[in-house]
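Report on the following structure.
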Amino acid sequence: MDVQAVVDWFDANARDLAWRAPGTTGWGVLVSEIMLQQTPVARVEPIWLTWMARWPVPSALAAESQGEVVRAWGKLGYPRRALRLHAAAGVIAADHGDVVPADVDTLLALPGIGAYTARAVAAFAYGLRAPVVDTNVRRVVARSVHGAGEAGPPSTTRDLADVDALLPADHATAARASAALMELGAVVCTARSPRCVDCPVLSTCAWQRAGRPAYTGPSKAPQRFAGTDRQVRGLLLDVLRGSAEPAAKSRLDLVWADSGQRDRCLDSLLVDGLVEQTADGLFALPGEH
DNA sequence: TATTCGTGGCA
DNA sequence: TTGCCAAGAAT
């Protein structure tokens with residue numbers, strides 16, 4: 001595919017996202033990438049702005065209690081991300097001079113940072129050539145290169161190689177291309193109702209040339225939520241987020257009727273370190289009592 | 001490799 | 001109304 005065409009399109013059409021503002025630090029990029037995992041841009045932006053004002057450097061976040069960080073995470077979802085980011089900030093402050101590393105392998109060693117986030121930070125914060133593979137890029141490659149309606153099951157090794165083959169040699173342009181491919185998937189080459197009329201690589205798209213065939217690969221497991229432990233954990237944690245003082249179990253019991261599931265979920269929150277029990281048997285966010 | 005882990009908007 | 005989807009990581 002013609003990656004340069006995507007970069008040119010990006011130059012003219014990039015969204016004006018808060019973390020793309022000139023002067024955003026590696027820390028700012030890292031926080032944005034963690035928050036954006038499985039979470040829409042619109043929900044992240046206000047929280048990110050709050051965090052940057054409150055904790056402008058890793059050591060500032062690391063000095064905060066876990067509970068306060070979980071509370072400030074609000075309803076972004078997957079609150080273990082907040083705990084892991086807090087832990088990563090501690091390592092960055094202690095071992096890396098309070099500066100987010102630029103090296104992919106060093107980033108990968110930090111809690112909560114995986115194959116995507118490590119390369120996203122290297123590319124977007126430091127302008128390095130690193131194949132950034134997220135759900136958007138996987139879809140763009142599946143369509144424009146492989147002619148498939150959507151990406152098949154992820155394979156880090158194969159996905160990285162696919163994107164690596166597309167990136168130009170020099171760091172700055174490659175980093176720009178990584179951002180451009182993601183943006184194309186997020187704005188034009190979307191999962192449903194792709195806006196192909198606006199696509200900068202329409203003329204060379206393998207999926208388009210094949211007549212936009214429907215996806216034929218294995219179907220992904222349906223993503224349920226209602227009635228799951230995820231929902232119950234969310235309800236339990238929401239009580240503690242909204243409470244300045246530790247709460248009695250009787251208060252937590254109100255959020256879900258099934259006591260077996262309720263207790264199992266509370267226990268898993270304790271195991272995860274998202275909730276702590278005080279000496280007098282009450283429940284609270286960690287480190288706040 | 002397949003599951004688990006929140007939350008909410010939208011077609 | 002409800003299933004699908006949203007810049008994944010850890011296990």
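Note on naming: letters A, B, ... go to the chains in the order of the sequence lines (proteins, then strands), and numbering restarts at 1 for each one. Only heavy atoms go into these numbers, but all of them, side chains included; no hydrogens, no water, no symmetry mates.
L237(A) comes within 4.0 angstrom of no nucleic acid atom, judged by non-hydrogen atoms across all strands. Within 4.0 Å (heavy atoms only), P79(A) reaches sugar-phosphate atoms of the nucleic acid but no base atom. Residue R233(A) is classed as a sugar-phosphate contact, given heavy-atom separations below 4.0 Å to backbone atoms only. Looking at heavy-atom distances under 4.0 Å, T117(A) makes contact with sugar-phosphate atoms alone, never a base. Heavy atoms of W73(A) sit nowhere under 4.0 angstrom from any nucleic acid atom. Among the protein residues, L30(A) comes within range of no part of the nucleic acid, since none of its heavy atoms lies under 4.0 Å from any strand. Residue-level contact check: G77(A) touches the bases, meaning some heavy atom is under 4.0 Å from a base atom. Residue R84(A) is in sugar-phosphate contact alone, with no base atom involved, counting any heavy-atom pair closer than 4.0 Å across all strands shown. Residue-level contact check: P111(A) touches the backbone only, with heavy atoms under 4.0 Å from sugar-phosphate atoms and none from bases. Across all strands shown, A191(A) has heavy atoms under 4.0 Å from sugar-phosphate atoms exclusively, and none from any base. As judged by a 4.0 angstrom heavy-atom cut-off over every strand, A42(A) is placed among residues making no nucleic acid contact.
Enclosure of atom CZ in R195(A) is not indicated, since only 12 or fewer non-hydrogen atoms of other residues, nucleotides or ligands lie within 6.0 angstrom.
A donor-acceptor pair shorter than 3.5 Å can be found between the side chains of T173(A) and D170(A). No side-chain N or O of D2(A) forms a donor-acceptor pair with one of T204(A) less than 3.5 Å apart.
A side-chain contact (heavy atoms from CB on, under 4.5 Å) with L110(A) is found for exactly one of V91(A), L85(A), V121(A), namely V91(A).
Here the shortest heavy-atom pairing between A18(A) and L49(A) reads CB-CD2, 4.0 Å. Of all the heavy atoms in A186(A) and R15(A), the pair that sits closest is CB-NH2, 3.7 Å. Shown here for G74(A) and R241(A), the closest heavy-atom pair between the two residues is O-NH1, 3.3 Å.
Within the 4.5 Å cutoff, no side-chain heavy atoms of T228(A) are placed close to those of R233(A).
Summary of the strand contacts: F225(A) and A221(A) both lie near DNA chain B, and taking for each the nucleotide with the nearest heavy atom, the more 5' one is attributed to A221(A). DNA chain B is contacted by both R192(A) and Q223(A); Q223(A) maps to the nucleotide lying nearer its 5′ end (nearest heavy atom per residue).
Less than 4.0 Å separates DNA chain C from at least one heavy atom of each of the following residues of residues 125-145 of chain A: D134(A), T135(A), N136(A), R139(A).
Comparing the same atom, C1', in dA6(C) and in dG6(B) gives a spacing of 12 Å after rounding to whole Å. dA7(C) and dT3(B) have their P atoms separated by 23 Å, given to the nearest Å.
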Show me, pair by pair, the donor-acceptor contacts under 3.5 angstrom made by side chains of residues 24-39 of chain A, not counting sequence neighbours?
residue, atom, partner, partner atom, Å
T24(A), OG1, W19(A), O, 3.3
T24(A), OG1, A21(A), O, 2.7
T25(A), OG1, W27(A), N, 3.4
T25(A), OG1, G28(A), N, 3.1
W27(A), NE1, W55(A), O, 2.9
S32(A), OG, V29(A), O, 2.7
E33(A), OE1, Y116(A), OH, 2.5
Q37(A), NE2, T117(A), OG1, 3.0
T39(A), OG1, M35(A), O, 3.3
T39(A), OG1, Q37(A), O, 2.9
T39(A), OG1, R81(A), NH1, 3.1
T39(A), OG1, R81(A), NH2, 3.1

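In this structure, R212(A) has no side-chain hydrogen bond (donor to acceptor under 3.5 Å, both in side chains) partners at least two apart in sequence or on a different chain.
Read 5' to 3', the first and last nucleotides of DNA chain B with an atom closer than 4.0 Å to a heavy atom of chain A are dC5(B) to dG8(B). Taking 4.0 Å as the cutoff to heavy atoms of chain A, we find the contact window on DNA chain C bounded by dC4(C) to dA10(C).
The hydrophobic cluster around L83(A) extends to V70(A), V232(A), L235(A), L236(A), L237(A), V239(A), L240(A), L252(A), V255(A), W256(A), L266(A), L269(A), L270(A), L274(A), V275(A), F283(A), L285(A), counting ILVMFWY residues whose side-chain heavy atoms fall within less than 4.5 Å of a member.
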